Each structure stands twice: as C-alpha cells, then as structure tokens.
A.B. asks: 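First the structure, which I've put down as structure tokens, then a few questions once you've had a look.
All figures in this text were calculated on a predicted structure; none of them were measured in a lab. Numbering of ligands and ligand atoms starts at 1, following listing order. In what follows, residues are counted from 1 in the order of the sequence shown. Reckoned from all heavy atoms, side chains included, excluding hydrogens, waters and symmetry mates.
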Amino acid sequence: MNCLKLLLLLFFNALVILVAAQKIDDIRILPQPFRIILNPGVVTLSHSVNVYVDPKTGADANYIWIVLQDIGFRPAFVKFEKQADIIFKRSTDTIPGGTEAYQLTIDQNVSKGRIIGIANGGSGIIYALQTLRQLSNLEENYIKFQACVIYDKPFFAWRAFMLDESRHFQGKEVVKKLIDEMARIKLNTFHWHLVDDQGWRIEIKKYPLLTKVSSKSDYSHLSKGISPKQWDSLYHHRPGFFYTQNEIREIVAYANARGVRIIPEIEIPGHASASIYAYPWLGASSKKAGQPVSGDLYLVTDPRVKKFLKDVLDEIIALFPAKIIHIGGDEANYAHWQQSEEINAFMKSENIPTYSDLQVWTNNKMSRYISSKGCRMIGWNEITGDNIRGETHIQASQKEKLAPGTIVQFWDGAVNLINKAIDRGYDVVNSNRFFTYLDYSYETTSFEKAYSFNPIPEGIAAKDQNKILGLGAQMWGELTPTEQRLYYQIFPRLAAYAEVGWVNPAKKSSYPEFLKRFMRIESIWRKKGYIVNSSQ
Ligand code: ACM
C-alpha cells in the first residue's frame with residue numbers, strides 16, 4: 001500500500017469513528033446495548049402504523065400495543081408481515097445469546113417494514129421493544145428514529161429487584177408500576193419477599209389463619225416493641241394486608257407479559273414469627289411456651305411442622321411458574337433451637353453436631369422436596385452452613401453439605417464466601433449488601449457506588465465466572481411506609497443495577513457516560529413522580 005492510500009484510509013476510518021461516536025452519543029440507550037451500528041439517515045413514521053407480531057415469538061401483543069402507544073403510535077395489528085411498518089418476529093437462524101438476545105433494525109430501505117425486531121423468544125422481543133421506545137423521537141406529525149442495527153444480549157442472566165412487602169405492604173398497583181419500570185430497563189427477575197416476622201402476605205388455602213391473623217401487622221407495629229399478646233388486642237380489627245391467590249396469578253401474568261419472572265420467598269427456618277403467631281405449634285420456643293414467642297424458629301424436626309412447610313410450598317409452587325423458590329435462611333436465631341428438648345434429642349439421634357448443620361439439614365429437606373416438583377431452590381448465603389458473620393455463639397462444623405444445584409444468594413460476610421461457594425459447585429447471585437441494598441441511604445450507597453458494583457468479585461477464575469448468575473437489588477421495607485419513600489429509595493439506583501446486570505463488567509462505560517444515557521429515563525421517572533428532587 002502506498003503512503004497516499006494509507007493516509008486516505010486512516011482519514012476515512014477516523015471520520016467514520018468520529019461520526020459514529022457522535023451518533024451513538026445521541027441515541028443514548030440504557031442499559032447499553034452489546035453492539036450498535038449506526039446507519040446514515042432517519043426513519044420517519046406517521047403516528048398511525050401497521051404492526052405485525054409473529055405469534056411464534058411468544059411475546060404478549062397487548063403489552064407491545066401498550067408500549068407502542070406510549071411511544072406515541074396509534075398501532076393497528078395486521079395479519080401479514082408485508083403489510084406492516086413495524087415487525088416483531090422470531091428469528092429463522094438462532095441469534096447467538098439465548099432467549100434474551102435480539103436484533104433491532106431500523107432502516108429506510110428494508111422491503112418489508114422499516115422497523116424489525118427479531119429474537120429467539122418472547123423476552124428478546126420485549127427488549128427490542130424497550131430499545132425502540134428509547135430510540136423514539138416524538139414530533140407533532142411523525143415519530144423519528146435514527147437508522148441503525150442493534151444487536152443486543154445481556155451479560156448476566158439473573159438481573160433481579162427484590163421487594164419486601166412483609167414490613168410494609170405496598171399492594172398490587174405499586175407492584176405493577178415497579179414491574180413496568182423493571183421491564184423498561186430490562187431487569188428480568190422480581191424477587192418477592194412475601195413473608196417475614198412482621199407479616200405474612202400470601203393466601204395459603206390450607207392455613208387460613210396466615211391471612212386472617214398473620215397478615216394484619218407490619219413493621220410500624222412490631223418496631224414499637226408490641227408483644228404477641230398485645231398483637232391481637234390491638235390489631236385484630238384491622239383488615240389484613242395480603243395477596244389472594246387470584247391476585248398473585250394476575251401479577252404473575254402481568255410480569256410475564258413484560259418479560260419479568262417472579263421468584264417468591266418464603267422464609268425458613270427464621271423470620272417466621274408472623275406464621276408462628278397464628279399457629280404457635282410451628283415454633284420451637286412458642287410450642288414450649290404454649291403461646292407465640294417473637295423471633296422464634298420453626299420446630300423443623302416436628303412432623304406436623306414439616307407437613308406445614310410442604311403444604312405451603314405446594315401452593316406456592318403451583319402459583320409461580322418460574323420454578324425457582326427462595327427459602328430465605330438468613331439470620332436464624334439458634335437460641336430458639338438451643339432450648340428445645342425436641343430439637344436437641346433429634347440432633348443427638350441423627351448425629352447432627354451443630355445448629356447450623358441442622359439448618360443445612362432443613363434446607364436439604366426443602367431442596368429435595370422443591371426439586372421433586374421440578375423447581376430449583378435459592379437462599380441467602382447462611383444456607384451454606386458457613387458462620388458468615390463469625391458469630392461466637394455459632395459453631396459451623398459443615399458436616400451437612402448443602403444440596404447440589406442450590407443457588408446461593410450472597411448478601412453478607414466476607415466476599416471470599418462467594419469464591420468458597422463456587423469452589424463447592426454452587427451458582428451464586430451476588431447481592432452484596434454494601435452495594436445492592438436499596439434500603440441503605442444515598443450517603444452509604446450513592447448512585448455512583450451502585451453503578452460501580454461488579455457482580456464478579458476478584459479472584460474468580462475465568463472458567464468459573466459463569467457460576468455468578470448475576471445480581472439482586474434489595475428493597476427491604478422497614479423504613480418505607482409510603483409509596484413516595486419507596487420510590488425515593490429505589491429510583492434512580494435501579495437504573496444502575498440494570499446496567500450492571502446487562503453489560504460485560506469489562507466493557508462498562510464511565511459513570512459520566514452512563515449518566516448521559518440515563519437522562520432520558522430520568523426525565524420519565526421525574527414525570528411519573530418516582531424521582532422528586534435533584535438531591536437524590
Ligand atoms: C438479609 O438482609 N437479612 C438477607
């Protein structure tokens with residue numbers, strides 16, 4: 001190659017990069033797509049458009065209609081691709097990247113339709129739709145899009161938001177709004193913390209007192225030191241705060257249409273006071289005392305209690321098609337087992353040396369039951385049997401081994417517990433509380449700190465990185481009695497977690513670049529009242 005040719009080539013390459021950089025900057029998508037190819041020109045559509053949705057995609061046409069309306073279109077569904085301006089269809093060749101991958105083409109010159117979203121399945125189609133929404137420029141008579149081809153797929157398969165409704169019940173309209181915002185930014189897992197000491201929030205038909213009694217209290221009562229004795233006298237007139245099974249089905253379907261699966265959490269063996277309040281025979285200390293004892297643990301060795309847990313799981317499994325069940329497992333106060341003759345006699349006869357072994361033994365019973373129903377179990381990282389906070393009263397012999405296939409959700413303790421869980425063969429969801437707890441103040445976990453989170457901790461060998469399934473962002477509800485306070489804690493940080501879950505940590509953009517891409521979503525969240533002041 002002569003010098004002139006080389007110079008010309010360098011010049012044109014530089015020009016292309018310059019133009020591309022400027023345009024990519026302009027189109028601002030969050031989370032950042034895997035690959036964007038900008039093409040010259042702008043595609044202009046009128047507000048009335050014909051839309052074709054291939055039924056084979058599995059995507060919910062009603063939700064597609066809702067989002068297209070939100071963009072400003074007046075969509076009419078047509079039966080044939082060739083009649084359509086906007087097409088969503090299943091790819092004929094599988095797009096690399098699994099069910100969540102998609103390709104979005106916006107092109108003036110394509111013969112059938114000018115916007116085509118293709119994917120291997122329903123989630124990918126929903127993501128193509130969300131990206132299209134972020135690319136739209138609404139004008140009085142037209143909606144304009146930069147011509148481009150976007151090929152996109154998430155880096156992590158598990159991108160979760162958790163809502164605790166035991167401490168404060170928010171109700172289905174709030175839950176639906178949150179699911180809408182998860183879908184907007186391509187979060188795919190709604191982890192629903194439905195049970196804790198402060199209240200039981202889901203109808204279980206076999207145990208009606210769980211809703212008649214256990215659903216009446218919340219954090220505003222229990223944080224005031226109200227004893228179980230006072231509970232009834234003060235609260236039995238209150239309406240219960242819980243979801244009927246029909247409401248659960250409605251919310252599961254709502255989430256499913258938006259590409260969001262729901263994973264319910266039923267806490268075992270601790271954080272179980274609400275259910276034990278209604279049925280004192282469930283609790284190790286409560287059974288002995290003949291009345292509820294707050295903070296109690298399930299008397300897991302009692303056949304009646306085992307039956308209760310299985311009955312509850314049966315109804316839960318039937319309601320949640322995602323087939324992953326969270327059994328909690330955190331912060332069990334072993335003092336309640338320590339003083340139980342039944343527990344100690346059982347441990348002696350079964351040669352279970354420590355209470356943390358008994359917890360692992362319990363987990364494994366649950367795990368076997370859950371897998372016999374075709375589901376997988378997940379729990380907070382205490383379920384490994386490690387003494388995660390190094391508490392002096394806890395002995396952890398690790399004689400009992402957590403069942404293979406269980407997912408460990410890391411939240412507390414030294415980060416190398418993740419490495420340890422992976423070495424033992426478990427998949428891990430990283431919910432390191434110092435980065436992902438939405439109940440923490442913005443002083444502790446700023447938006448920037450949330451964005452800095454890397455779900456893959458140091459020291460994980462490249463071959464093991466796929467054992468980190470992804471991340472969870474947790475909204476614990478003690479301090480969020482109102483909807484506004486709830487939104488204040490969640491937004492804008494949820495956007496940071498969405499990006500962290502979608503983008504390869506090695507390719508993540510700088511925080512200022514992320515903020516530029518966040519601007520559009522920020523203005524939507526302000527309009528919706530989720531972000532109300534600039535100091536957040
Ligand atoms: C937890 O925050 N107790 C899981």
A.B. asks: Number the atoms of ligand 1 from 1 as they appear, then name those within less than 4.0 Å of a heavy atom of Tyr437, with their elements.
C.D. replies: 1 (C), 2 (O), 4 (C)
A.B. asks: For side chain to side chain donor-acceptor pair (under 3.5 Å), just list the numbers for Gln409 and Ser431, CA-CA rounded to whole Å, side-chain angles, deciding distance to a tenth of an Å, and then say yes or no.
C.D. replies: CA-CA 7 Å; Gln409 184 161 19; Ser431 292; 2.8 Å; yes
A.B. asks: Determine whether the side chain, the backbone, both or neither of Arg433 has a heavy atom under 4.0 Å from any heavy atom of ligand 1.
C.D. replies: neither
A.B. asks: Taking everything shown except Glu391 itself, do over 12 heavy atoms lie less than 6.0 Å from its CD?
C.D. replies: yes
A.B. asks: Could you pull out the closest heavy-atom pair between Lys206 and Asp311, with the gap in Å?
C.D. replies: NZ-OD1, 3.4 Å
A.B. asks: Any idea which protein heavy atom is nearest atom 3 (N) of ligand 1, and the distance to it?
C.D. replies: Asp330 OD2, 2.6 Å
A.B. asks: Taking ring-ring contact (aromatic ring centres under 6.0 Å, His included) as the criterion, tell me which of Trp361, Trp337, Tyr355 meets it with Phe346.
C.D. replies: Trp361
A.B. asks: For Glu331, counting its heavy atoms only, list the atoms of ligand 1 lying under 4.0 Å from any of them.
C.D. replies: 3 (N)
